There are 2 protein chains.
Amino acid sequence: MTQKPSQKLTILDIAKLAGVGKSTVSRVLTQDPRVKPATREKVTQVIRESGYVPSKSAQSMRGGNSRVIGILVSRLDSPSENKAVRGILEVIYAADYDAVIMESQFCNDKTREHIAVLEKRNVDGVIVFGFSGFDCAILDSFAQRAVVIAVDTDSVSSVSYDNKGMITLAMDQLTSKGMKHVSYIGVDPADRTTGQLRLDAYLDVCAQQHIEPCYRTGELSYDSAYTLTDAVLSAQTQAIVCASDTLAMGVAKRLQELNRTDVLVSGVGATDLLRFMFPNTFSVDPGYFDAGQCAADLLLQHLRQDAKITHLVQRSCLPV
Amino acid sequence: MTQKPSQKLTILDIAKLAGVGKSTVSRVLTQDPRVKPATREKVTQVIRESGYVPSKSAQSMRGGNSRVIGILVSRLDSPSENKAVRGILEVIYAADYDAVIMESQFCNDKTREHIAVLEKRNVDGVIVFGFSGFDCAILDSFAQRAVVIAVDTDSVSSVSYDNKGMITLAMDQLTSKGMKHVSYIGVDPADRTTGQLRLDAYLDVCAQQHIEPCYRTGELSYDSAYTLTDAVLSAQTQAIVCASDTLAMGVAKRLQELNRTDVLVSGVGATDLLRFMFPNTFSVDPGYFDAGQCAADLLLQHLRQDAKITHLVQRSCLPV
DNA sequence: CTGTTAGCGCGTTCAG
DNA sequence: CTGAACGCGCTAACAG
């Protein structure tokens, strides 16, 4: 049973041990069909018994590919990106790839730096989570071997969230109950996706449903939402739609203080904490996990053949 | 300005371009002092201008070390481990190492699997976050090149949290205000660190301060704590100490429902959300970030010299 | 101080 | 079907 050898075994050792040439061992390793079954069996046997492990570095140097993919998240502690990363890992592990994860911290310079490192490591591909102001040109060197998540771009394949859809979904949920006084709390429209697009979606629905828009935007923090709540709240307010669960949490807290248990709050993110803390809330699930899986699948496809640039949009849904 | 060459440049190209031998280029790359400053300058210049990037795979193959360290977290979305990982990354990036992060999901088998992969990749070292029931023997192959976090062990260097200290700290904070009716909500003592040790600390303080112990243990979830709250609550209860912020959140919520604004709640984790949601709470900071830094420092030390097995305990503190 | 030489472990020809 | 020989890009030991 796989003994622990003190010395690192090389392909040559295995060859001797099995009484064959090293290239035969190599062929077994690379699934090359041109090996006599008996010989293959013999070699496989020896490899297993000796606990031989081919050197990834050597393989990678020879073949030019390392079976590693780089993942660039904006923040390690972003719950949404965490979920997506889970999806990514599941897919790439299954495909026998490894991942190196790095943190861009919403900063193009950091991103550039990390991309450079990943290039040195000659990773086979990268998956990058976009952020406000993200400069896609950074990925030029990974042209056909990159997928970005949550950002608008043409130059590289992408998986984006349905920003319009998720807000529309929340709004529909409310208007279908006959609500006409629905306010909105979001983030600065300077952030195109979380800010602009979601606000636009709110305004669109308002126009269609003849709802008087009432909204404020600020930072992506509990405090910001907490503070802004009063500004969008009137006696008739029936619900407040928020661009994210973080905001929803701040709003819900303020409402609780004001004893406005009549006001329904919605967020985006499907955080379990929100529902636990405040029963009178619901949250749209942007499908982070699935998006991660999609992105990984897409990348693997790119790596296999020269797939063309593709843009996927992840559908949102309401958690059960 | 760093042109993008279509062909991958090798060290030989640089040598020719700079009019020197390849080993001189290599010496510049490896910071070898035995190079005339003028020559070094010249080579550096060429490297910059050509945009040459040494192949990590080749370097790693030649040197036997990959300048990669593996990080095995229990869960990617654990806020505490996230903080620690941040600390780790900061340190290892500064030392020009990369990280591959994997998820053990509290499972020894998964851990074993990942460790095997990391071994194949011949990473230089690993940092592993322990979990309840973690089998340290898995790390045998990384003997002197591993550091574990948050787990009791002798066989390998470790950084652990001061489980006793953090609860004592919370208790002191309360008893110093003269409180005598302090309850405790924790997790199953089957979990040695978060369960057993923290509960013991509570009981110790109780004994010393002549406090009548009143506690319950359950799962590490909001719901569990929420449900257990009533069982440790009486009319005289002045405070409830919790083994973690997650629990504290559940307890605080229940107290809010009961209108027991008089009861102070404490948690462990220094989560900003807890304080935001419930003003009448405080949280002990186990020093996750620092622990991560320590662990990384410790590992780097091991990698440099053959440092001996060391066990550090991270001190807790109260956030300002 | 610097150029030359010899491998590192592996995949891939190219002859048997 | 198999083994011998070559080279990937780099570092280290050895000469100048």
Side-chain angles (χ1 to χ4, degrees), chain A residues 5-47 50-68 96 117 119-124, chain B residues 5-47 50-68 96 98 119-124:
Chain A
S6 44
Q7 298 298 338
K8 268 286 182 191
L9 296 170
T10 85
I11 198 173
L12 191 58
D13 298 318
I14 304 302
K16 284 177 189 158
L17 241 48
V20 299
K22 32 180 262 188
S23 40
T24 303
V25 179
S26 176
R27 288 194 190 92
V28 173
L29 255 26
T30 56
Q31 320 275 4
D32 191 316
R34 302 174 303 175
V35 181
K36 186 169 27 169
T39 313
R40 175 183 300 276
E41 191 47 51
K42 171 72 178 163
V43 173
T44 312
Q45 179 76 2
V46 173
I47 290 180
S50 62
Y52 162 71
V53 176
S55 151
K56 287 281 179 191
S57 346
Q59 287 183 313
S60 142
M61 182 179 124
R62 195 68 191 77
N65 71 328
S66 51
R67 289 202 91 73
V68 172
D96 196 33
V117 172
E119 219 172 341
K120 284 194 219 181
R121 292 251 176 251
N122 73 69
V123 301
D124 298 336
Chain B
S6 44
Q7 298 298 338
K8 271 284 183 192
L9 294 170
T10 85
I11 199 172
L12 191 59
D13 297 319
I14 303 303
K16 284 178 188 158
L17 241 47
V20 300
K22 22 182 275 190
S23 44
T24 302
V25 179
S26 177
R27 287 194 189 92
V28 173
L29 256 27
T30 56
Q31 319 274 4
D32 191 317
R34 302 174 304 175
V35 181
K36 182 167 35 166
T39 313
R40 174 183 301 277
E41 191 47 49
K42 171 73 179 162
V43 173
T44 312
Q45 179 76 2
V46 173
I47 290 181
S50 62
Y52 162 71
V53 177
S55 151
K56 286 279 179 188
S57 345
Q59 287 183 312
S60 143
M61 182 179 124
R62 195 65 190 82
N65 70 331
S66 51
R67 290 202 91 73
V68 172
D96 196 34
D98 282 347
E119 219 173 340
K120 282 195 220 179
R121 291 253 176 250
N122 72 71
V123 301
D124 299 334

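Every chain is numbered from 1 and lettered A, B, ... according to where its sequence line falls, protein lines coming before strand lines. It should be emphasised that the depicted structure is a prediction, and the values quoted were computed from it without experimental measurement.
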In whole angstrom, give the distance that lies between atom [atom1] of [X] and atom [atom2] of [N].
X     : N      : atom1 : atom2 : value
A:K56 : C:dG9  : NZ    : C1'   : 14 Å
A:K42 : D:dT2  : NZ    : C1'   : 16 Å
B:R27 : C:dT4  : CZ    : P     : 12 Å
A:I14 : C:dC10 : CD1   : P     : 9 Å
B:N65 : D:dA12 : CG    : C1'   : 14 Å

Does OP1 or OP2 of C:dG9 have a side-chain N or O of A:Q59 closer than 4.0 Å?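 So the side chain of A:Q59 is outside the cut-off, no N or O lying under 4.0 Å from OP1 or OP2 of C:dG9.
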Is the phosphate of C:dG9 approached by A:S55 (side-chain N or O, under 4.0 Å from OP1 or OP2)?
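Checking C:dG9 against A:S55, no side-chain N or O comes under 4.0 Å of OP1 or OP2.
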Taking N and O atoms by type only, does the side chain of B:K22 place a donor or acceptor under 3.5 Å from a partner on the base of C:dG3?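 Under the 3.5 Å cut-off, the side chain and the base do not form any donor-acceptor pair.
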**Asked** Does a distance-only test, which skips hydrogens and angles, find a donor-acceptor pair under 3.5 Å between the side chain of A:T24 and the base of D:dG3?
**Response**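 In this structure, the two groups form no donor-acceptor pair.
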Choose from D:dG3, D:dC6, D:dG9 the nucleotide whose nearest atom is closest to any side-chain atom of A:S23.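 The answer is D:dG3.
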*Of all the choices, D:dT11, D:dG3, C:dG11, which nucleotide is nearest to the side chain of A:I11 once you look at every atom?*
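Comparing D:dT11, D:dG3, C:dG11 against the side chain of A:I11, the answer is C:dG11.
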Check your understanding: Does one side chain, of B:S60 or B:S66, offer a donor that lies under 3.5 Å from an acceptor on the other?
Key ->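 No.
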Q.
Under 4.0 Å, counting only non-hydrogen atoms across every strand here, what does B:T30 touch: a base, just sugar-phosphate, or nothing?
A.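 Sugar-phosphate contact only.
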